[in-house]
Colleague: 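Just passing along the structure, written as structure tokens.
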Amino acid sequence: MDRQVYIRDIAAEDGREALLRGWLYGKRSSGKLHFLQVRDGTGLIQCVLSKKDVPEAAFAAADKAPQEASVEVRGKVAKDPRSPIGYELHVTDFRVLQGEAGYPIQPKEHGVGFLQEQRHLWLRSSRQRLILAVRHSIIKAIRDYFDSRGFTLVDAPILTPAACEGTSTLFEVPYFDLGKAFLTQSGQLYGEAAAMAVGKAYVFGPTFRAEKSKTRRHLTEFWMVEPEVAYLDLDGDMDLAEDFIVEIVRAVVASHEQELKSILERDVEALKRVCKPFPRITYTEAIEYIQKTGHPIKWGDDLGGDEETILCKQFDRPVMVHRYPAEMKAFYFKKDPKDPKVALGVDVLAPEGYGEIVGGGQREDDYATLKAEIEKHNLPLDAFQWYLDLRKYGSVPHAGFGLGVERTVAWICGLHHVRETIPFPRMMERLTP
RNA sequence: UCCCCGAUAGCUCAGCUGGCAGAGCAACGGACUGUUAAUCCGUGGGUCGCUGGUUCGAUCCCAGCUCGGGGAGCCA
């Protein structure tokens, strides 16, 4: 009788006595009956207290119990067609461990700012709990994918001496007598070093960008997974990204299909259409297509949010745009030998208007060319000497990409904003809770 | 950094031409044996974001500031 049962497993307990430990999600009352909605982190179940079936103190405690009080409920599991999960608990005893009136989040609509203030409590709602679970599944699918294909997880440092790409603004940290350190904006350069050691490597960790971006797609702290593979070219890189994304989506749909539909109202059929092959178009073809829709854009312009939307709305699966103008890309991209104006880079744009979730490509593997690029971008040569070494001692063609975890969660869950995809989002105007 | 919008009860909001601060929900007290954001009766609850200006009088008009939301650029 003291065996705790989780709501997720309740069907196996049909007709038996069970002890639930959880929190009071909601409550309705009809005098001599109390209906308690109890959640335990694995699900939500209605617990029915009939005055004649429980001790007087238990009935009174249920009457007084405030929202989100921690509770212990004993009772008999019973099938009920009125229950969304098919079962409810006919309570024989009930007690409150702790609770206080005034729980801030009510079962009604709230403003975004308020909910973010209450993020530590907001996580308890069924919608947020599901998003956390999907995020977990995505991260697990990412790791399973690489772990089962001979990749080695290599952790890149978070404190770094200089910019990886030189364009983004970095967070500065004082660093003893060495002056300043910076929070990493990408583990890729270290991933390249690792790939020369283990062949297939992936870096998985947090990333920091001090850019003053205020949009639904930006956080100042986010998670990125960055595979890097020796002896891989751009085509192989696109094959890898495509196979990888298909597998992540498949894994999430396999484990969360019903909840995605019922709690997030996600169009799961759209996710099921994510299969190989993804369309692959060059940047030049993309520009031509956008021009045909009457949008003023010329070769050399960046694809902004509007342009990305125009492009990915014509496909029912992610689209790969490759061979961008070299001018637009970071110094480490290899140029296309057939057309040095373009870099061997690829972006993967998620469908349904979610935009870029992957950026990557083939790296420059020639010492002299890379050195010239570093100088051209006015980057400190001494800080990149170790990176140049990789082109000096056994250089090979290699490629990789970075996938943004939060944008992937937003896309798969069908969320409007990435701030809901991470437990405690860090944004330009928000550092708490 | 730039552009747009907003700030009134715990929450979501209304507040007319500048003239006593409002509703719904929540909380609290009560009624109710099948409720699904239950219903019904009752009670309490305000530095109208901050600072200044105009005015007999400012939640309302004006300026600056702070905070929040949306977007751009940049990116994942």
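Chain letters run A, B, ... following the sequence lines, proteins first, then strands; residues in each count from 1. Below, all heavy atoms of this structure are taken into account, side chains as well, without hydrogens, waters or symmetry copies.
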Colleague: Expressed in angstrom and rounded to an integer, what is the separation of A:His90 atom NE2 from B:G34 atom P?
Modeller: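 In whole Å, B:G34 P lies 13 Å from A:His90 NE2.
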Colleague: B:G34 P sits how many Å from A:Lys32 NZ, rounded?
Modeller: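 Whole-Å distance recorded here is 11 Å.
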Colleague: Using 30° and 60° as the class boundaries, would you call the ring planes of A:Trp386 and A:Tyr190 parallel, tilted or perpendicular?
Modeller: parallel
Colleague: Rounded to whole angstroms, how far apart are CZ on A:Phe204 and P on B:A76?
Modeller: 16 Å
Colleague: Measuring only the P atom in each nucleotide, how far is B:A21 from B:C48? A whole number of Å is fine.
Modeller: 10 Å
Colleague: Could you let me know what B:G10 is paired to, Watson-Crick or G-U wobble, both distances under 3.5 Å, or none if it's on its own?
Modeller: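 Paired with B:C25.
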Colleague: So that I can tick it off, tell me whether A:Arg266 and A:Glu352 are bridged by a salt bridge, with the cut-off set at under 4.0 angstrom between side-chain N and carboxylate O.
Modeller: yes
Colleague: In this structure, which one of A:Arg317, A:Arg280, A:Lys276 forms a salt bridge (charged side-chain N to carboxylate O under 4.0 Å, His left out) with A:Glu242?
Modeller: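 Single pass found, and it is A:Arg280.
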Colleague: Need the pair for B:U39. Rule: Watson-Crick or G-U wobble, both distances under 3.5 Å, any strand; none if unpaired.
Modeller: B:A31
Colleague: Please check: side-chain N/O of A:Asp237 versus main-chain N/O of A:Gly361, any donor-acceptor pairing under 3.5 Å?
Modeller: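 Yes: the side chain of A:Asp237 pairs with the backbone of A:Gly361.
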Colleague: Taking the C1' atom of each, how far is B:A26 from B:A37, in whole Å?
Modeller: 12 Å
Colleague: If the C1' atom of B:A9 is compared with that of B:U47, how far apart are they to the nearest Å?
Modeller: 13 Å
Colleague: Should B:G73 form a Watson-Crick or G-U wobble pair with both distances under 3.5 Å, which nucleotide is its partner?
Modeller: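 B:G73 is unpaired by these criteria.
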Colleague: Between B:G57 and B:G29, how far apart are the two P atoms, rounded to whole Å?
Modeller: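 So the two P atoms sit 46 Å from each other.
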Colleague: Nearest whole Å is fine: how far is B:U39 P from A:His34 NE2?
Modeller: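 One finds 17 Å between P of B:U39 and NE2 of A:His34, rounded.
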Colleague: Hey, does A:Val358 reach any base, or is it just sugar-phosphate, or nothing, if we go heavy atoms under 4.0 Å?
Modeller: sugar-phosphate
Colleague: Working to the nearest 0.5 angstrom, can you tell me the gap between A:Arg39 CZ and A:Ser125 OG?
Modeller: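 Reported to 0.5 Å precision, the distance equals 9.0 Å.
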Colleague: Taking for each residue the nucleotide of RNA chain B with the nearest heavy atom, is it A:Glu356 or A:Ser30 whose nucleotide lies nearer the 5' end?
Modeller: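 Looking at the nearest nucleotide for each, A:Ser30 comes out on the 5' side.
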Colleague: Pick the C1' atom in B:C50 and in B:G42, then give their distance to the nearest Å.
Modeller: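 The same atom, C1', in both gives a distance of 38 Å.
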Colleague: Across all strands shown, which nucleotide pairs with B:G46 by Watson-Crick or G-U wobble geometry, both distances under 3.5 Å?
Modeller: none
Colleague: Remember a base hit wins even if backbone is also touched, and classify A:Leu219 as base, sugar-phosphate or nothing at under 4.0 Å, heavy atoms.
Modeller: base
Colleague: To the nearest Å, give me how far apart NZ (A:Lys79) and P (B:G34) are.
Modeller: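 Atom NZ in A:Lys79 sits about 24 Å away from atom P in B:G34.
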Colleague: A:Thr207 near the nucleic acid: base, sugar-phosphate alone, or nothing, with a heavy-atom cut-off under 4.0 Å?
Modeller: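 It contacts nothing in the nucleic acid.
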Colleague: Ring-on-base stacking between A:Phe222 and B:A76, under 5.5 Å between centres and under 30° between planes: is it there?
Modeller: yes
Colleague: Answer with base, sugar-phosphate or nothing: what part of the nucleic acid does A:Gly111 contact at a heavy-atom distance below 4.0 Å?
Modeller: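 Result for A:Gly111 = sugar-phosphate.
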Colleague: Remember a base hit wins even if backbone is also touched, and classify A:Glu88 as base, sugar-phosphate or nothing at under 4.0 Å, heavy atoms.
Modeller: base
Colleague: Can we say A:Glu247 and A:Arg149 salt-bridge, meaning some charged N sits less than 4.0 Å from an Asp/Glu carboxylate O?
Modeller: no
Colleague: For every nucleotide of nucleotides 68-73 of chain B, 5' to 3': is a protein heavy atom under 4.0 Å from its base (B), only from its sugar-phosphate (S), or from neither (-)?
Modeller: SBSBBB
Colleague: Please give the distance between the C1' atoms of B:C60 and B:U1 as a whole number of Å.
Modeller: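 Per the computed distance, 33 Å lies between those C1' atoms.
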Colleague: Taking atom P of B:U33 as reference, at what distance in whole Å does atom NZ of A:Lys27 sit?
Modeller: 17 Å
Colleague: For the side chain of A:Tyr324 and the backbone of A:Leu344, is there at least one donor-acceptor N/O pair under 3.5 Å apart?
Modeller: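 Here the side-chain-to-backbone pair does not exist.
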Colleague: Look at the side chain of A:Gln37 and the base of B:U36, then say whether one donor and one acceptor between them are separated by less than 3.5 Å.
Modeller: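 It does not, because no donor-acceptor pair links the side chain of A:Gln37 to the base of B:U36 below 3.5 Å.
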Colleague: If I take atom CG in residue A:Asp53 and atom C1' in nucleotide B:G34, what distance separates them, rounded to the nearest angstrom?
Modeller: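 Result: 14 Å.
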Colleague: Establish, from distance only, whether the side-chain atoms of A:His398 and A:Glu192 form a donor-acceptor pair under 3.5 Å.
Modeller: yes
Colleague: Answer yes when A:Lys261 and A:Glu257 have at least one side-chain N-carboxylate O distance shorter than 4.0 Å, and no when they do not.
Modeller: yes
Colleague: Which part of the nucleic acid, if any, lies within reach of A:Phe114 when heavy atoms closer than 4.0 Å are counted: base, sugar-phosphate only, or nothing?
Modeller: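 The residue A:Phe114 makes sugar-phosphate contact but no base contact.
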Colleague: Rounded to whole Å, please give me the gap between CG in A:Leu49 and P in B:U35.
Modeller: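 In whole Å, B:U35 P lies 17 Å from A:Leu49 CG.
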Colleague: Mapping A:Met428 and A:Glu406 onto RNA chain B by nearest heavy atom, which one lands closer to the 5' end?
Modeller: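 The answer here is A:Met428.
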Colleague: Considering only atom C1', compute the distance from B:C2 to B:G73 and round it to an integer number of Å.
Modeller: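 Looking at atom C1' only, B:C2 and B:G73 are 9 Å apart.
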Colleague: How far, in whole Å, is B:C20 from B:A58 if one measures between their C1' atoms?
Modeller: 14 Å
